[in-house]
Peer 1: 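The following block contains the structure, expressed as structure tokens.
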Amino acid sequence: MFDYTNQNVVVVGGTSGINLQIAVSFAGAGANVAVASRNIDKVNAAVALLNKTNPNGNHLGVSFDVRDQDALTQGFDVIAKSFGHINVLVSGAAGNFPASAAKLSNNGFKSVIDIDLLGSFQVLKQAYPLLQRPNASIIQISAPQAYIAMPLQAHVCAAKAGVDMLTRTLAIEWGLEGVRINSIVPGPIADTEGFNRLAPNDALQQKVASSVPLQRNGQKQDIANAALFLASD
Ligand code: COA
Ligand code: NAP
């Protein structure tokens, strides 16, 4: 349905799960795609998949931790040299583990804030000068924890609520320049690290599915389709 030929798409945290499916779907729709995450083996495997999906695209991978400002700057320099400009930025790097607030250390809380919230801000700031104006599109991958309080998720609830307010605020500031910014809030998505950490067995995953209006958990492709739609003209 969508043609992203000659468009440059960057997916931060795009080497596994939901974000990898988003990256592959943009490549399948013709885009040049750059993916970034910490683990170089995951980065290389993702780039191989992008090349297989769309051999005509100019795909690349860079390795950085979104908490490492210098590595982030270097990674975006590599992307800038290859792409020149960015049409679509997807920011989806995140960390999650279930932990009760009473037992969670300050550093455990901080690590998720640093990855999800500060990391998103740093990624968006790095991409900002490269965004094609007008019509660039940013998509933040948020989570229901942004507005639904959940036990064992104080750190993630706080972080993702911040991510959503960042999205709303930048929509006002950067929207004036023709940069759109939206947030996708996936529900429980089957076959993902995030869902497996929160519902670590089939019985729990089935129980969650029964509370979803469609009576099934989401598919990674559902979220990828939403991303392609949101970034389209
Ligand atoms: N329960 C309680 N605290 C935990 C924890 C858990 N399951 N896992 C990590 N922590 C705490 C650690 O104890 C540490 O705090 P401390 O220094 O006070 O002991 C702090 O979190 C950082 O842990 P560390 O292992 O050094 O972090 P990291 O930077 O290597 O990894 C995480 C970051 C913890 C978020 C890790 O789970 C990760 O890399 N996640 C990415 C993948 C993911 O979460 N996918 C789902 C996306 S929704
Ligand atoms: P995932 O497979 O673990 O994806 C996380 C991605 O981010 C990986 O590519 C990971 O690669 C990268 N990453 C993690 N920490 C990073 C860091 N510090 N710096 C750079 N990259 C980092 O998880 P997922 O379940 O698909 O989740 C993807 C997104 O969807 C997240 O934003 C999550 O909050 C959101 N979400 C998921 C669900 C769900 O049901 N799964 C529901 C709602 C929202 P490396 O390990 O190589 O760094």
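In this chain, residues are counted from 1 in sequence order. We count ligands from 1, going down the list as the structure has it; atoms in each ligand are counted the same way. Values below: all heavy atoms of this structure, side chains included; hydrogens, waters and symmetry mates excluded.
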Peer 1: Flag yes if more than 12 heavy atoms outside Asp68 fall under 6.0 Å of its CG atom; otherwise flag no.
Peer 2: yes

Peer 1: Please list the nearest protein heavy atom to atom 20 (C) of ligand 1 with its residue and the distance rounded to 0.1 Å.
Peer 2: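 For this ligand atom, the closest protein heavy atom is Gly108 CA, 3.6 Å.
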
Peer 1: Protein heavy atoms near atom 40 (N) of ligand 1, is at least one of them under 4.0 angstrom away?
Peer 2: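 Yes.
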
Peer 1: Kindly determine whether Gln221 and Asn225 satisfy side chain to side chain contact (heavy atoms under 4.5 Å, CB included), including the steps that lead there.
Peer 2: CA-CA 6 Å; Gln221 192 63 51; Asn225 292 345; 3.0 Å; yes

Peer 1: When you look at CZ of Phe121, are more than 12 heavy atoms from neighbouring residues, nucleotides or ligands closer to it than 6.0 Å?
Peer 2: no

Peer 1: Closest non-hydrogen protein atom to atom 16 (P) of ligand 1, residue and atom name please, with distance?
Peer 2: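 Protein heavy atom with the smallest distance to atom 16 (P) of ligand 1: Ser105 OG, 3.6 Å.
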
Peer 1: Atom 46 (C) of ligand 1: protein heavy atom closer than 4.0 Å?
Peer 2: yes

Peer 1: Taking side-chain hydrogen bond (donor to acceptor under 3.5 Å, both in side chains) as the definition, give me every residue that meets it alongside Glu193, ordered by chain and number, with sequence neighbours left out.
Peer 2: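 Scan of Glu193 (side-chain hydrogen bond (donor to acceptor under 3.5 Å, both in side chains), adjacent residues dropped) gives Arg197.
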
Peer 1: Going through the distances and angles, do His155 and Ile113 end up as a side chain to side chain contact (heavy atoms under 4.5 Å, CB included)?
Peer 2: CA-CA 7 Å; His155 45 319; Ile113 296 288; 5.9 Å; no

Peer 1: Tell me which protein heavy atom sits closest to atom 2 (C) of ligand 1, plus the residue, atom name and distance to 0.1 Å.
Peer 2: Phe97 CE1, 3.6 Å

Peer 1: Run the contact test for Arg67 against ligand 1 with a 4.0 Å cut-off on heavy atoms, strictly below, and give the result.
Peer 2: yes

Peer 1: Just which atoms of ligand 1 are under 4.0 Å from any heavy atom in Glu193?
Peer 2: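 Checking each atom against Glu193, I get 45 (N).
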
Peer 1: Between Ser37 and Thr15, is there a side-chain donor-acceptor contact under 3.5 Å, judged purely by atom types and distance?
Peer 2: yes

Peer 1: Students should be able to answer this: which protein heavy-atom is nearest to atom 33 (C) of ligand 1, and at what distance?
Peer 2: Ile115 CD1, 3.9 Å

Peer 1: List the steps, then state whether side chain to side chain contact (heavy atoms under 4.5 Å, CB included) holds for Leu130 with Asn8.
Peer 2: CA-CA 11 Å; Leu130 301 173; Asn8 302 324; over 6 Å; no

Peer 1: Tell me the protein heavy atom at minimum distance from atom 23 (O) of ligand 1, and give that distance in Å.
Peer 2: Ser111 OG, 4.9 Å

Peer 1: Who's touching ligand 2 if we go heavy atoms under 4.0 Å?
Peer 2: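 Residues within 4.0 Å of ligand 2: Gly13, Thr15, Ser16, Gly17, Ile18, Asn19, Ser37, Arg38, Asn39, Lys42, Phe64, Asp65, Val66, Arg67, Gly92, Ala93, Ala94, Ile115, Ile141, Ser142, Ala143, Pro144, Lys160, Pro186, Gly187, Pro188, Ile189, Thr192, Glu193, Gly194, Phe195.
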
Peer 1: Testing the 3.5 Å rule here: is there a donor-acceptor pair between the side chains of Asp164 and Gln140?
Peer 2: no

Peer 1: Name all residues meeting the side-chain hydrogen bond (donor to acceptor under 3.5 Å, both in side chains) criterion together with Asn58; count only those two or more places apart in sequence or in a different chain, and write none if there are none.
Peer 2: Ser82

Peer 1: Just checking, is any N or O donor in the side chain of Gln74 or Asp70 under 3.5 Å from an acceptor N or O on the other one?
Peer 2: no

Peer 1: Under 4.0 angstrom from atom 25 (O) of ligand 1, is there any protein heavy atom?
Peer 2: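 Answer no: nothing from the protein, no heavy atom, is under 4.0 Å.
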
Peer 1: Students should be able to answer this: which protein heavy-atom is nearest to atom 17 (O) of ligand 1, and at what distance?
Peer 2: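 Protein heavy atom with the smallest distance to atom 17 (O) of ligand 1: Asn107 ND2, 2.9 Å.
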
Peer 1: List the closest protein heavy-atom neighbour of atom 31 (O) of ligand 1: residue, atom name, distance to the nearest 0.1 Å.
Peer 2: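 So the nearest neighbour among protein heavy atoms is Arg38 NH1, 4.1 Å.
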
Peer 1: So which protein heavy atom does atom 44 (O) of ligand 1 come closest to, and at what separation?
Peer 2: Asn96 N, 2.8 Å

Peer 1: Could you state the interatomic distance from CG (Asn54) to OH (Tyr4), rounded to the nearest 0.5 Å?
Peer 2: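 Going from CG on Asn54 over to OH on Tyr4, the span is 14.5 Å.
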
Peer 1: At under 4.0 Å between heavy atoms, is it the side chain or the backbone of Arg197 that contacts ligand 1, or both, or neither?
Peer 2: side chain

Peer 1: Please list all pairs passing the side-chain hydrogen bond (donor to acceptor under 3.5 Å, both in side chains) test where one or both residues lie in residues 39-51, with sequence neighbours left out.
Peer 2: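 Checked against side-chain hydrogen bond (donor to acceptor under 3.5 Å, both in side chains) - neighbours excluded - the pairs reaching residues 39-51 are Ser16-Lys42.
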
Peer 1: Any protein heavy atom at under 4.0 Å, with atom 13 (O) of ligand 1 as the reference point?
Peer 2: no

Peer 1: Given the rule that I, L, V, M, F, W and Y join up when any side-chain heavy atoms are under 4.5 Å apart, are Leu228 and Leu230 in one cluster?
Peer 2: yes

Peer 1: Can you tell which of Gly194, Ala93, Ala94 gets a heavy atom nearest to atom 43 (C) of ligand 1?
Peer 2: Ala94

Peer 1: Any chain of hydrophobic side-chain contacts (each under 4.5 Å) joining Ile141 to Ile189?
Peer 2: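 Linked, Ile141 and Ile189 end up in one cluster.
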
